[in-house]
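The structure appears below as structure tokens.
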Amino acid sequence: MSLVNMKALLQEAQSNKYGVGAFNVANMEMVMGVIRAAEEKRSPAIIQIAQARLPYSPLHLLGPMMVAAAEHSQVPIAVHFDHGLEEERIKEALELGFTSVMIDASHLPLEQNIEITSRIKELAASYGASVEAEVGQLSGSEDGSTEHQAYYSDPGEVKELFESTGVEAIALSIGNAHGLYKKEPRLNFDILRDARELVPTPLVLHGGTGISDEDFRTCIQNGICKVNIATANFLAAEAGVREYCRKEERNYFEMSRAMVDSVCENAARHMDVFESAGKAGNK
Ligand code: 13P
């Protein structure tokens, strides 16, 4: 149990057709909430932080806490660096013991994406860690951008990137976006199915907030093994505190607990939908 490599976690999910929730965290309460949900649900999980969030949650402070939480958990937990943009930052995460890193070079032409991803693959391999790459650009928040323009993945490019780099996971752009959707997302499952046919590696769905349970299930049935949830987790953290602060009598510690509870509830709900609940075996 405890801290595991993301490759093993995703391969298990791929063989048994369930999804592993990758929950973005920003502080101790959020880390505790996700880990508690995973333990209560007997579910594997991934805790992650995106490079764009480091001005709020410094890596040298939050990173060791994430690793320690995974090491002490009773279920398999991978610790992932989400949307890594610079090699130096990725290296810092690997030094701290993260078991997986994402290199987001999806905004570059494929050739350059492959070149940078290959370099990170070699670096991560020297730490025994996995790499997630991205083909086709998503928009919004966790990747540090503000525009809501997305470029669909080309399954042929997904194949080329996989064959050139051998990464352990690939994120796709199929109509998904980070943050709150302005209108209901319409996912293009054909792109997903085509990519699935072409590459054996686990596929990743970013922009999980706002996607319907039914679409989550369709994605998982068609090759998605890792589902990223950030905004819903941050909203849950905030809502838990807001709700608690309506009480007349309150104190800091119970407010902190309210945040843990609310994040736990959100993560647990997703674990049920992704059918990862129960997959970590019995105690
Ligand atoms: P959401 O904020 O839409 O849940 O996206 C999460 C994500 O993909 C993080 O990389």
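Computed from heavy atoms alone, side chains included, the values below leave out hydrogens, waters and symmetry copies. Every number for a ligand or one of its atoms is a count from 1 in the order of the listing.
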- Does some non-hydrogen atom of A50 fall short of 4.0 Å from ligand 1? no

- Query: Under 3.5 Å, N or O to N or O, is Q48 touching ligand 1 that way?
  - Reply: no

- Task: Say whether, by atom type as modelled, one donor and one acceptor occur between the side chain of S73 and the main chain of A70 under 3.5 angstrom.
- Result: yes

- Query: Does a side-chain N-to-carboxylate-O contact under 4.0 Å join R119 and E87?
  - Reply: yes

- Message: Could you tell me, atom by atom, which parts of ligand 1 come under 4.0 Å of a heavy atom of H83?
- Response: 10 (O)

- Query: Using 4.0 Å as the upper bound for N to carboxylate O, is an ion pair formed by E163 and K159?
  - Reply: yes

- Query: Looking only at heavy atoms of A177, does any of them come nearer than 4.0 Å to an atom of ligand 1?
  - Reply: yes

- Using heavy atoms and a threshold below 4.0 Å, how should the contact between T231 and ligand 1 be classified: side chain, backbone, both, or neither? both

- Message: Is any side-chain heavy atom of L3 closer than 4.5 Å to one of F98?
- Response: no

- Answer whether the closest heavy-atom distance between the side chains of D215 and F189 falls below 4.5 Å. yes

- Message: Test of understanding: given a 4.0 Å heavy-atom threshold, classify the contact between N233 and ligand 1 as side chain, backbone, both, or neither.
- Response: neither

- Which atoms from ligand 1 have a heavy atom of T209 less than 4.0 Å away? 1 (P), 2 (O), 3 (O), 4 (O)

- Message: Are any of the N/O atoms on G207, whether in the backbone or the side chain, positioned under 3.5 angstrom from an N/O atom of ligand 1?
- Response: yes

- Message: Are any of the N/O atoms on A232, whether in the backbone or the side chain, positioned under 3.5 angstrom from an N/O atom of ligand 1?
- Response: no

- Query: Does the side chain of K41 reach to within under 4.5 Å of the side chain of D272, using non-hydrogen atoms?
  - Reply: yes

- Using 4.0 Å as the upper bound for N to carboxylate O, is an ion pair formed by R89 and E92? yes

- For H206, take its heavy atoms, then give the atoms of ligand 1 lying under 4.0 Å from any of them. 8 (O), 10 (O)

